[in-house]
Amino acid sequence: RKSSKWVQTMFVAVSLFDIATSASAQPEYAGGSARDYIEQLESDDAEVRRRAAYILGRMNADHAVAVPALAEALSDGQMETRWYAMDALGRFGADAAPAIPAIIKSLQSTLNDETVRRRGAKALARIGPAARDSVPILNEALKSDDPLYRIAAADALWHIEKDPQALAIISKELAAEDPVAAFSAAMTIGELPWAELSLENGSMITSLVSGLEHPDEDVRQAVVEALG
């Protein structure tokens, strides 16, 4: 059985969407402005591009300026730059809507790994109903072999369309023997408003209660937190 600390570390490493950001004019971060880091996304140095994408997701950059540059960075030749560009777009929430076509393209690309796809689905969830064009690719993602991608896709479908079936999919993953998948499902459910859970799918509450009997300690703790 995977250790509790390993499960928590694994989940945090693939999520990275917990901190909300707000737009402001040209703040300084790590010695540079948003425009400085946007320019660095064009650098010939892959490490400079990766760092720029990472920082843009963590500073109060002007979203209207940063989103187009980050959307372009989703086609960067370095995987890690694509990771952090997608992460940054997810942190921008609904303001990242202009990047929807680029996010969809990233989800379709065979060049991207599970981290890019998971973060892409999470970004679409944060964008919400404006991301309706992504519904077909998200439905396709529900067939993925990667449980964390399936959970992220179902979460996105819920935020975009309020499809009760999406909640049923997350609930099913909560019962998985794989502690990483079950932990991810519990954390995802815990982020949903209780009013939505009880109104749209009362069985989700039953699933959470059943999760208290999961063999993994981290999963049980995540369920307790989700139950409040």
Side-chain angles (χ1 to χ4, degrees), residues 7-22 53-54 56-58 61 63 66-67 70-71 73-76 79-109 112-163 165-167 169-171 173-174 176 180-193 196 222 226:
V7 175
Q8 290 177 338
T9 301
M10 177 70 176
F11 182 74
V12 171
V14 299
S15 298
L16 296 176
F17 288 98
D18 296 326
I19 303 174
T21 56
S22 59
Y54 176 88
L56 283 168
R58 288 157 177 78
H63 295 178
V67 167
L70 289 165
L74 293 180
S75 60
D76 190 275
M79 183 74 74
E80 289 189 5
T81 298
R82 301 200 295 274
W83 288 351
Y84 291 119
M86 192 71 83
D87 176 52
L89 290 168
R91 291 170 183 267
F92 290 177
D95 287 349
I100 291 172
I103 295 173
I104 293 173
K105 185 177 179 180
S106 290
L107 296 185
Q108 295 170 328
S109 174
N112 285 321
D113 66 359
E114 293 87 350
T115 299
V116 174
R117 288 191 286 270
R118 293 168 190 163
R119 293 181 181 185
K122 201 69 174 176
L124 293 169
R126 290 291 178 91
I127 291 171
R132 291 188 187 281
D133 286 349
S134 68
V135 167
I137 190 65
L138 290 170
N139 279 320
E140 188 65 25
L142 298 178
K143 305 173 187 176
S144 171
D145 292 333
D146 174 15
L148 299 189
Y149 185 30
R150 293 196 301 267
I151 292 167
D155 184 46
L157 287 168
W158 171 253
H159 282 88
I160 294 168
E161 293 197 315
K162 290 294 186 286
D163 181 359
Q165 183 61 26
L167 294 183
I169 291 168
I170 300 172
S171 178
E173 297 290 352
L174 179 60
V180 176
F183 183 82
S184 175
M187 293 294 289
T188 299
I189 294 169
E191 293 175 356
L192 298 173
E196 292 184 357

Taking all atoms of both residues into account, what is the closest heavy-atom pair of [X] and [Y], and its distance?
X	Y	result
Ile100	Ala130	CD1-O, 3.3 Å
Ala186	Ala226	O-CB, 3.9 Å
Leu157	Asn139	CD1-OD1, 3.4 Å
Ala141	Arg150	O-CG, 3.7 Å
Ala121	Ala156	O-CB, 3.4 Å
Ser184	Leu148	CB-CD2, 3.3 Å

Say you draw a straight line from [atom1] of [X] to [atom2] of [Y]; how long is it, rounded to the nearest 0.5 Å?
X	Y	atom1	atom2	value
Thr188	Ile169	OG1	CD1	12.5 Å
Asp113	Arg82	CG	CZ	7.5 Å
Ile104	Asp133	CD1	CG	5.5 Å
Gln165	Leu167	CD	CG	9.0 Å
Phe92	Asp87	CZ	CG	9.5 Å
Arg119	Lys122	CZ	NZ	12.0 Å

Once you measure the plane-to-plane angle for Tyr84 and Tyr54, does it fall in the parallel (<30°), tilted (30-60°) or perpendicular (>60°) bin?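 Rings of Tyr84 and Tyr54: perpendicular, over 60°.
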Audit row: Arg58, Arg91, side-chain contact (heavy atoms from CB on, under 4.5 Å) steps and yes/no: CA-CA 8 Å; Arg58 288 157 177 78; Arg91 291 170 183 267; 3.0 Å; yes
A side-chain contact here means heavy atoms from C-beta on lying under 4.5 Å apart; do [X] and [Y] qualify?
X	Y	answer
Ile160	Leu138	yes
Leu74	Lys105	no
His159	Leu192	yes

Any ion pair linking Arg117 and Asp146 (charged N to carboxylate O, less than 4.0 Å)?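 Result for this pair is no, no salt bridge flagged.
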